[in-house]
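For the numbers below, each heavy atom of this structure counts, side chains included, while hydrogens, waters and symmetry mates do not.
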Amino acid sequence: VGHGELGEHEVAAARLARARELLGALSDELSLPVENVLTPDLLRRYLWDGPPAPTTPEVAHALSQMGAREWQTALAAPLIARACAEHPLH
């Protein structure tokens, strides 16, 4: 698939799956429900509408602007940035 709309949706879906996996592992480590680390809605909205190659500070800032608490952004932003780096948009 070329760099069309379908390709971007596939990358966003791959990012979402990987971010969910990483956040799930973290929530298990912390014995917290994954929804407490970051709501599924926030994660989905960020990954579908976010920039192609965000850094951890960019993810943290965006999540904060979307209503996530500071402790949530501190935990989730590095994992979301990692998922994005592993599944780049070209």
Side-chain angles (χ1 to χ4, degrees):
V1 176
H3 179 66
E5 192 173 322
L6 183 60
E8 290 177 10
H9 284 272
E10 289 172 351
V11 171
R15 287 177 168 194
L16 182 59
R18 180 62 174 142
R20 282 181 175 154
E21 179 184 331
L22 294 169
L23 289 168
L26 176 66
S27 73
D28 288 348
E29 278 180 42
L30 299 174
S31 299
L32 280 174
V34 71
E35 307 82 44
N36 288 12
V37 177
L38 193 68
T39 66
D41 180 59
L42 271 183
L43 179 62
R44 202 172 25 255
R45 283 189 310 164
Y46 179 77
L47 288 173
W48 284 94
D49 299 329
T55 64
T56 296
E58 289 170 336
V59 175
H61 178 73
L63 293 177
S64 176
Q65 294 294 307
M66 296 167 79
R69 293 185 174 105
E70 190 174 335
W71 69 268
Q72 291 173 307
T73 63
L75 291 173
L79 302 180
I80 295 170
R82 177 176 164 192
C84 292
E86 291 176 6
H87 299 281
L89 272 175
H90 300 288

| task | Show your reasoning for whether side chain to side chain contact (heavy atoms under 4.5 Å, CB included) applies to Arg44 and Arg20. | result | CA-CA 10 Å; Arg44 202 172 25 255; Arg20 282 181 175 154; 3.5 Å; yes

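- The backbone N or O of Ala83 lies less than 3.5 Å from no partner atom in the side chain of Glu86, so there is not a single donor-acceptor pair.
- Scanning all heavy atoms of the two residues, the minimum distance from Ser27 to Pro33 falls at CB-C, 4.1 Å.
- When hydrophobic clusters are built by joining Ile, Leu, Val, Met, Phe, Trp and Tyr residues whose side-chain heavy atoms come closer than 4.5 Å, directly or via intermediates, Leu47 is not grouped with Val11.
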| task | Let me see the working for Leu30 and Leu75 under side chain to side chain contact (heavy atoms under 4.5 Å, CB included), right down to the final yes or no. | result | CA-CA 11 Å; Leu30 299 174; Leu75 291 173; 3.9 Å; yes

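- When every heavy atom of Ala77 is checked against every heavy atom of Val59, the shortest pair comes out as CA-CG1, 3.7 Å.
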| task | Test Ile80 against Leu38 for side chain to side chain contact (heavy atoms under 4.5 Å, CB included), laying out the working first. | result | CA-CA 11 Å; Ile80 295 170; Leu38 193 68; 3.7 Å; yes

Donor-acceptor contacts under 3.5 Å from residues 64-74 side chains, at least two apart:
residue : atom : partner : partner atom : Å
Gln72   : OE1  : Arg69   : N            : 2.7
Gln72   : NE2  : Asn36   : O            : 3.0
Thr73   : OG1  : Glu70   : O            : 2.8

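- Expressed to the nearest 0.5 Å, how far CZ of Arg15 lies from CH2 of Trp48 amounts to 11.0 Å.
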| query | Does the side chain to side chain contact (heavy atoms under 4.5 Å, CB included) test come out yes or no for Leu42 and Arg45, once each step is laid out? | reply | CA-CA 5 Å; Leu42 271 183; Arg45 283 189 310 164; 3.0 Å; yes

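- Here the straight-line distance linking atom CG of Leu79 with atom SG of Cys84 works out to 11.0 Å at 0.5 Å rounding.
- Looking at every heavy atom in both residues, Glu58 comes nearest to Ala53 through OE1-O, 4.0 Å.
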